[in-house]
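Right, one structure below, let's go through it.
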Protein chains: 2
Amino acid sequence: MPSASASRRSQEKPREIMDAAEDYAKERYGVYSMIQSQEKPDRVLVRVSDLTLHKADEVVWVRARVHTSRAKGKQCFLVLRQQQFNVQALVAVGDHASKQMVKFAANINKESIVDIEGVVRKVNQKIGSCTQQDVELHVQKIYVVSLAEPRLPLQLDDAVRPEVEGEEEGRATVNQDTRLDNRVIDLRTSTSQAVFRLQSGICHLFRETLINKGFVEIQTPKIISAASEGGANVFTVSYFKNNAYLAQSPQLYKQMCICADFEKVFCIGPVFRAEDSNTHRHLTEFVGLDIEMAFNYHYHEVVEEIADTLVQIFKGLQERFQTEIQTVNKQFPCEPFKFLEPTLRLEYCEALAMLREAGIEMGDEEDLSTPNEKLLGRLVKEKYDTDFYILDKYPLAVRPFYTMPDPRNPKQSNSYDMFMRGEEILSGAQRIHDVQLLTERALHHGIDLEKIKAYIDSFRFGAPPHAGGGIGLERVTMLFLGLHNVRQTSMFPRDPKRLTP
Amino acid sequence: MPSASASRRSQEKPREIMDAAEDYAKERYGVYSMIQSQEKPDRVLVRVSDLTLHKADEVVWVRARVHTSRAKGKQCFLVLRQQQFNVQALVAVGDHASKQMVKFAANINKESIVDIEGVVRKVNQKIGSCTQQDVELHVQKIYVVSLAEPRLPLQLDDAVRPEVEGEEEGRATVNQDTRLDNRVIDLRTSTSQAVFRLQSGICHLFRETLINKGFVEIQTPKIISAASEGGANVFTVSYFKNNAYLAQSPQLYKQMCICADFEKVFCIGPVFRAEDSNTHRHLTEFVGLDIEMAFNYHYHEVVEEIADTLVQIFKGLQERFQTEIQTVNKQFPCEPFKFLEPTLRLEYCEALAMLREAGIEMGDEEDLSTPNEKLLGRLVKEKYDTDFYILDKYPLAVRPFYTMPDPRNPKQSNSYDMFMRGEEILSGAQRIHDVQLLTERALHHGIDLEKIKAYIDSFRFGAPPHAGGGIGLERVTMLFLGLHNVRQTSMFPRDPKRLTP
């Protein structure tokens, strides 16, 4: 799209500018007609993040959004934004730009996308407000690729302002519902860009680690014929002339894959919970990172693999995503995430003792409440200096029917949770692989055997001992970054009150 | 689990054997009690695939399934199976085994899981029926880890028999419903093991390629508030006191991510279609591999990236999954998959000309029927010697409202399908990123603007030109391997008549 043809199609210039006959720069700016793949120009577009001193004095083309613009006499300063990066650009009356061109640039609505040709120039004083601090772009041509409407539903600068600045200095911040209602804009902030790039990294590291360990990725169905895990909190789907349900976890199918000899499997997919919970950490649809694995003799073989997988994720994030972590920290300051190798594993009874020492009254077979979970996280951090640990050997009474009892203590079980910054991110267990015991435990829990017949039948034709667990992706992202709400780490969150966008 | 303690727990030996006082091998066999993580022995279990001449004369422990057993006088031959691999094992009366032990081994139900200690011995004549042809295992100890019930719902040997053998020699094969009803057993066959390992490889190669190209993985919601793509063929979900729907594609959300500056995104996830289609290639729930990408000036930038991604998948499969391809070919013989670099791209009008030359009558703006698609595939294969090609520039009339019209021919569009062995595996297009044109096209298609308001609003605040497409995972696996039904490449398929297991 060479400039000549671009300006030929510039039919939307403001009338006042079109009328100005003396405009010597009129070929150098304008509004493109809609890009409909008319041409294949061989123009190279340079990334904003590549605009550094190495490119000083080069003429480059850049496509970016107009983040801000500020006219000042015969010049106009633009901040051009591209994902997490931005650079200052200057349109000044001179050989390349007329005063009409400066006015045109100054009038481009914020968030519009522009193509700019400019010279990269070293600046004498670092530009503190931009990520590209050592250079600015001296604009020679400017064309609007896509014009934004003039009134934005939220201001990006407000959306990245740390809450403390908002509170102490009385400056505007953006509340969560406004953000979520206008998610397309909110996701453009440097913070959101960093959060979701890092989340993509979590998925990548999860799979990379497991594939290196010999796991096979599986795809499990989300529409199921019966509410296999009890029946509460399940969404109903109209399925032709019948009803079906949305899977609350891939558990049954992971286990069937183990019975089908895949030995080590993982999957990443949506998990549905029809719970009317309106908390900072519950969603009705979230992304589960699920693992299931046959073991030889002891479920700790699996616990170690899962914990190591999480450690590889933490390490990978700290190695590969420092830019993103720092970007998020600017808005949400937070201590770096700490973990030990090997991962700290505490038994439930040890945790109880720590809590009781801190003055909490709890029965031996009582589950952890959310406040106690958090308190325990603080106690563990003080004592062991880790933000990540495993709690092993939960009371049998508080776990699902398919949980393998501890052979040495009938009130305990071979089950575990894992915690990040004092909040649960994974729940798992050795599963019962014996039909007789599974049936007994289901009856003990008052479960209708007919409804779980397919599940139980899976174990009739030889089943290896196995264990596994499910990780909540949004929680891992939230807690690794020290954020405070899973809605910050779900692109399009679903809760009892939100189904849009 | 040392053998001494193992046999201590062997409480389920058949009475006749327990009664035999003179059994000098009685410590060397039996049935383990259920593995409940009682112990952490440091026994190393060797993989069946590692049983080669390199291990000749070594004593090893192996855990595997009893695939077949055949008693013959004082000895019993077992075939031990582990995933795609199997090895012959021999229990013979002698120093290590008593006649009771041979009888015990011979009576273990097929598909039971056993722990065996044995010596790896070179064989004089290759064992043609096993993957490990050069060695067999001389059994010294044998314990049942998990006993299968005696009557299997299907025989694994029948389930891997080529159809032609079944037809010509009158030998048993297994029909599809029996397979799917007993999927846990059917998935144990060497063919299924290979199919789903290769499918895991497709997902891995897809992501590996895209992450190397700078794409970001996104997670899109499956529960949506309105049937955004028209309203037909959508499943309804009860969502607390309201209705919601299951997403028919991640299209809207992929496009929103582009409008939110992620530039290049992909996702892998379930896609739901409430179509009452009972064909070899339709499922009500399948796995979509989805791509969306902003481009600079021409949608062919995106077409090339998608085609290259598929080419990288084909290459990767042929490089890394030869064992799996050959395993599947044994049951389902098929020519190797052929493709060109760069990928062949034909325009729709060229395809029409080829079909017309072959005697087909078709209008310029008519869509391809399934038989014509297949015929075209054969014509393209004859002429260009490729199983993979792109069909570009579909008639605007047969594509969805959001498809960008071709600027040079208003009856054509900037849209494309991709084909493998004559069947469509991807559909894609440049999308309209301009609110005004999008609104016009929606009205032209008679779509209620109120229902797609959120979609249209996404483009109001600056939207880059973009294109993308969605790939059906099960179809890619099926067509790459030359299989004939997507139910063979979906672990737990869902169609109008099947919701279980």
Side-chain angles (χ1 to χ4, degrees), chain A residues 1 34-41 45 65 83 111-113 146 148-149 184-185 187-188 197 200 203-204 211 216-217 219 221-223 225 235-238 240 244 256 259-261 270 285 287 296-299 404 407 414 430 434 454 458 460-465 492 494 496 499-501, chain B residues 1 34-41 45 65 83 111-113 146 148-149 184-185 187-188 197 200 203-204 211 216-217 219 221-223 225 235-238 240 244 256 259-261 270 285 287 296-299 404 407 414 430 434 454 458 460-465 492 494 496 499-501:
Chain A
M1 190 155 301
M34 181 175 60
I35 292 181
Q36 212 173 340
S37 306
Q38 295 90 337
E39 299 169 55
K40 294 186 184 183
L45 298 177
R65 287 194 191 269
Q83 299 185 324
E111 293 301 305
S112 297
I113 298 172
S146 176
E149 292 187 358
V184 167
I185 315 288
L187 287 175
R188 291 180 190 169
R197 282 176 177 271
S200 171
C203 294
H204 181 59
I211 284 171
V216 172
E217 179 174 4
Q219 308 290 341
K222 304 308 165 199
I223 303 182
S225 60
F235 287 114
T236 305
V237 183
S238 300
F240 301 99
M256 286 172 78
C259 294
D261 288 348
E285 177 181 345
V287 177
N296 295 336
Y297 300 105
H298 201 290
Y299 75 98
M404 182 65 87
N414 293 350
Q430 176 178 354
D434 177 90
S458 305
R460 292 192 186 280
F461 304 101
F492 304 101
R494 297 293 181 250
L499 255 180
T500 54
Chain B
M1 190 156 299
M34 180 175 61
I35 292 180
Q36 211 174 339
S37 306
Q38 297 89 339
E39 298 169 54
K40 295 186 184 184
L45 298 178
R65 286 195 191 268
Q83 299 185 322
E111 293 301 305
S112 297
I113 299 172
S146 175
E149 292 187 359
V184 167
I185 315 289
L187 288 175
R188 291 179 191 169
R197 280 174 179 274
S200 170
C203 294
H204 182 58
I211 284 171
V216 172
E217 179 174 3
Q219 307 291 339
K222 304 309 165 200
I223 303 182
S225 60
F235 287 114
T236 305
V237 183
S238 300
F240 301 99
M256 287 172 78
C259 295
D261 289 347
E285 177 181 346
V287 177
N296 295 337
Y297 300 105
H298 201 292
Y299 75 98
M404 182 65 87
N414 292 351
Q430 177 178 353
D434 176 271
S458 306
R460 293 193 185 279
F461 304 101
F492 304 100
R494 296 292 181 253
L499 256 179
T500 52

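Letters A, B, ... mirror the listed sequences (proteins, then strands); counts begin at 1.
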Interface moiety of [X] toward chain B, non-hydrogen atoms closer than 4.5 Å:
X	answer
A/Met256	both
A/Arg460	both
A/Pro270	side chain
A/Glu285	side chain
A/Asn296	both
A/Val287	side chain
A/Ile211	side chain
A/Pro496	both

Just so I understand: if I count every heavy-atom pair under 4.5 Å between each of [options] and chain B, which residue has the most?
options	answer
A/Leu45, A/Asp434, A/Thr500	A/Leu45
A/His204, A/Gln219, A/Glu217, A/Glu111	A/Glu217
A/Cys259, A/Ser458, A/Ser146, A/Gly462	A/Gly462
A/Ile113, A/Val237, A/Val184, A/Asn414	A/Val184

Would a 4.5 Å heavy-atom cut-off, applied to side chains only, mark [X] and [Y] as touching?
X	Y	answer
B/Ile185	A/Phe461	yes
A/Ser37	B/Gln430	yes
B/Phe240	A/Leu499	no
A/Asp261	B/Leu187	no

Using modelled atom types and a 3.5 Å cut-off, is there a donor and acceptor pairing between side-chain atoms of A/Arg494 and backbone atoms of B/Pro221? no
Quick one: does any side-chain atom of A/Gln38 pair with a main-chain N or O of B/Pro407 as donor and acceptor, under 3.5 Å? no
Nearest heavy-atom pair of A/Ile35 and B/Tyr297: which atoms, and what distance? CG2-O, 3.6 Å
Which one of [options] has the most heavy-atom pairs closer than 4.5 Å to chain A?
options	result
B/Ala260, B/Pro465, B/Ser238	B/Ala260
B/Lys222, B/His298, B/Met404	B/His298
B/Pro501, B/Ala454, B/Ala244, B/Ser112	B/Pro501

